[in-house]
Amino acid sequence: MEFWRVPLDADTIQVSLGIVHILEDRCKGCGYCIEYCPKQALEFSANFNQKGYHPPVVIKPEECVNCHYCEIICPEFAIFSVESPQTTKPGQSETNHAI
Amino acid sequence: MKPAVLTGEYFMTGDVACAEGALAAGCRFFGGYPITPATEIAERMAIRLSHVDGCFIQMEDEIGAMASVLGASWGGMKSMTATSGPGFSLMMENIGLGICTETPCVVVNVQRGGPSTGLPTHGAQGDMMQARWGSHGHYEIIALAPSSPQEIFYLTITAFNLSEKYRLPVLIMTDEIIGHMSEKVIIPEAKSIKTVSRPKPKGRKDRFKPFAPGPNGVAPMPAAGEGYNLHITGLTHDEKGYPVMTVEAQTEMMARITEKIQRNLDDIIRTDSYLLEDAEIAVVSYGISARTSIAAVAEARKLGIKAGLLRLVTIWPFPEDQIRKLADRVKGFVTVEINLGQIHREVERCAGGKVPIFLVGHPGGTIIHPDSVVKMLMEAF
Amino acid sequence: MEEIPTPSKEQPHHPLDDLIRTDRIPHIWCPGCGIGTVFSACLAALKASGINLQKTVMVSGIGCSGRAAGYVKLDSFHTTHGRAIPFATGLKLANPELNIVVFSGDGDLFAIGGNHFIHAARRNMDITVICVNNLNYGMTGGQVAATTPYLAKSTTTPAGNPETPFNLPLMAYACGATYVARWTMLHIRDLTDSITEALCKKGFSFIEALSPCPVNYGRRNKQKPLDMLKLYQEKAIIKNDADPATLDIDFEKGIILGKFIDLDRPTFIENYDKIYRPSRLQENVPELNS
């Protein structure tokens, strides 16, 4: 059982959702985006790209909070996220799930 | 505050006249490093550039000096440096970058005795082959050799004009004697001085290729900050400036940087002559040694020897045609230079074994006395 | 298994694509190399800084990091080994309007180019120097550098490095840099913020960015790409304003990161104008009064 400090206004916070785009053929398979995704939303794809690397694939699209960390750690300009038009409704945020 | 062109009559050293020539040509940046016997050029530029809204910087070494000159040229200024043998050696790396990236600028070498530290305060002409081949790889270069303070004034303007027109570093190969010699120098009115500036590109910026040759084999050149998103590299590159590591790209780039010179030899090569029309013996010389040779040719004529002088003003590209034509009609050549045979070999090559060639050389440290040239003219032929 | 949606035919555009020469991507950097990340942080900072990008120039030397100039869609110069700073000096002096970023590696900036770094910092030349420090010469296959840790292995120190590495922030500070920071390629947001700050700051700014070289350094020192990043994570001690003398890189004790120096002193050009080109300053007077 994990305990989290929950902000008092947690149920009013709108957590943004992100959509991850992957430019597969730019990827060289370093895996940094996969390792450092705070939501573990990515994993190596079973497929090879043109250069013979395994690019990442989004396994949990609903988990992406559009933090852009995959985008900024990627040395290859191969992955980025954009804000999803949808946002989680108050009371349905990830933080609440964890309680 | 004084104007860029100091119209008037002066008693000036070659070094100072060189600086004044540079200002008259439009030079507005000097990146230098002190070295005897070229320091006076830097000293003059340090104060004079401030009169004309230019910029002088004394860099940490000659490597940095040459790099700053290239940077300033891409910043849009006509730029130069001046040095002597040891500094010239250090500049070679970035002179190569200047050639590869087709960057206009002027490098003055006030030659002193070498190798190594050599004779800092005594003249020589021992860097002539270094001027031709000192940077690595194959390339074409332009080098000019003035024979007097007055001529260095004009040739510095010519050097800037050629560098802007053909987009490459142009070398002025003078020597300690010219550099430190004071003579009358007449600086003409500004309006009578013809200056050339690099052609600027026209048309769409996103389609511009910084290395696509124009009609005379040279591409127009924008400066940094003008919106062209230039990429300039010392790697072998295509017309766009992008690195390409192929034999084809190397062949094309080498053609661009060599043909722009080879196709324009008539425009680049300057020679001068004295009593050469009917000469039976051609004396070939340049720089301070050409003045020795004039005296020697005059003396030889008095002695009944039909000698004449071909004075090389442009040393590189080498005036091959002029030597070849002479080789068909003279009995022989004498080269006069303060080294142990550098341009001598070029004359020998171009004469192609048709006539004998003799060298009046000196390892450096002093000028060649006219008597030794006369002696050679008498004994050899 | 969930069906993977087929990607749309039109390739989506990365938010930094407008600053990259996309026709030259993929770049030459190896898988796991951090240069691309530092480069990406630099581009993000260029955008965030709000400076006029048409008047912004990137200058690089030689080496892996030196290739950055070839990928940025700005005026960019890939110069000779170690000479990016003096080239940048000439550019800046010829056109003081230009914002100049020198992006290069540790070998280029601090071994062959060390002298130029020292003097540009001393003069307070108004440029931003970003040094990707991967602790070795990557381009030539992993030789010892002026930044290689004591006892670390390289192809030219096969039994371990007998030399002591530079403390780069200390050197920058001692030479007169007016802005000095160090981050790793894992501390991307801090790194980007520092670069942004440095770009907006007058004077000589220096940012060291630690970055893994898994192929040449990591392989010989038993570090997989992620090991190096984990080391950055575990050993990082963020300590702004730390004494530069304490900033030796020691992976045992911890690596101190942060912004260490942020001060103001007149730049070379300001002093030069004051002494040699007072007319330039006079021209500015009406503007100041208006």
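Only heavy atoms go into these numbers, but all of them, side chains included; no hydrogens, no water, no symmetry mates.
- Comparing C:Ile275, C:Val59, C:Asp75 by how many heavy-atom pairs each has under 4.5 Å with chain B, the most go to C:Asp75.
- Between chain C and the residues B:Gly227, B:Pro222, B:Ala72, B:Gly75, the largest count of heavy-atom pairs under 4.5 Å involves B:Ala72.
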Between C:Arg122 and B:Glu60, is a salt bridge (charged side-chain N to carboxylate O under 4.0 Å, His left out) present by the stated rule, with each step listed? CA-CA 11 Å; C:Arg122 175 180 61 80; B:Glu60 49 277 8; 5.6 Å; no
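- With a 4.5 angstrom heavy-atom cutoff, C:Phe77 touches chain B via backbone and side-chain atoms both.
- C:Arg24 forms a cation-pi arrangement with B:Tyr242, by the criterion of a distance under 6.0 Å to the ring centre and an angle within 45° of the ring axis.
- The line from CD of B:Glu93 to CD1 of C:Ile112 is 6.0 Å long, rounded to the nearest 0.5 Å.
- The greatest number of non-hydrogen atom pairs below 4.5 Å with chain B, out of C:Lys92, C:His78, C:Glu97, C:Lys73, is found for C:His78.
- The greatest number of non-hydrogen atom pairs below 4.5 Å with chain B, out of C:Ser76, C:Gly66, C:Gly82, is found for C:Ser76.
- Between the side chain of B:Thr233 and the backbone N or O of C:Thr79, no donor-acceptor pair lies under 3.5 Å.
- With chain C as partner, the option from B:Gly31, B:Gly64, B:Ala67, B:Ser50 having the largest number of non-hydrogen pairs under 4.5 angstrom is B:Ala67.
- Counting heavy atoms of neighbouring residues, nucleotides and ligands inside a 6.0 Å radius, atom NZ of B:Lys200 exceeds 12 of them.
- With chain B as the partner, the residue from C:Ile269, C:Thr80, C:Asn95 showing the most heavy-atom pairs under 4.5 Å is C:Thr80.
- Proximity to chain B involves both the backbone and the side chain of C:Ala69, based on heavy atoms less than 4.5 angstrom apart.
- When heavy atoms are compared at a cutoff of 4.5 Å, B:Lys78 does not approach chain C at all.
- Rounding to the nearest 0.5 Å places OG of B:Ser68 at 9.0 Å from CE of C:Met125.
- C:Tyr173 OH: 12 or fewer foreign heavy atoms inside a 6.0 Å radius.
- Rounded to the nearest 0.5 Å, atoms CZ (C:Phe87) and OG1 (B:Thr101) are 6.5 Å apart.
- Ranked by non-hydrogen atom pairs under 4.5 Å with chain C, the options B:Gly76, B:Cys100, B:Gly241, B:Pro243 are led by B:Pro243.
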Please assess C:Leu93 against B:Met77 for the test side-chain contact (heavy atoms from CB on, under 4.5 Å), listing each intermediate value before the final yes or no. CA-CA 9 Å; C:Leu93 295 180; B:Met77 271 187 175; over 6 Å; no
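- Proximity to chain C is limited to the backbone of B:Ala46, based on heavy atoms less than 4.5 angstrom apart.
- Closest approach of B:Ala224 and C:Val57 over heavy atoms only: CB-CG2, 3.9 Å.
- Put simply, of C:His119, C:His116, C:Gln54, the one with the most heavy-atom pairs under 4.5 Å next to chain B is C:His116.
- Heavy atoms from other residues, nucleotides or ligands lying under 6.0 Å from NZ of B:Lys209 number 12 at most.
- Of the inter-residue distances, the one linking B:Ile57 atom CD1 with C:Arg123 atom CZ reads 4.0 Å to the nearest 0.5 angstrom.
- Ranking B:Gly234, B:Gly96, B:Cys55, B:Ser79 against chain C, the residue ahead of the rest is B:Cys55, based on heavy-atom pairs under 4.5 Å.
- Counting non-hydrogen atoms of neighbouring residues, nucleotides and ligands closer than 6.0 angstrom, the NZ atom of C:Lys47 exceeds 12 such neighbours.
- In this structure, chain B has a heavy atom under 4.5 Å from the side chain of C:Arg277, while its backbone stays farther away.
- Residue C:Asn52: no heavy atom, backbone or side chain, is found under 4.5 Å from chain B.
- Atom NZ of C:Lys274 sits in a sparse spot, with 12 or fewer heavy atoms from other residues, nucleotides or ligands closer than 6.0 Å.
- Heavy-atom contacts from other residues, nucleotides or ligands closer than 6.0 Å to OH of B:Tyr33 number 12 or fewer.
- In this structure, NE2 on B:His231 lies 11.0 Å from CE on C:Met58, to the nearest 0.5 angstrom.
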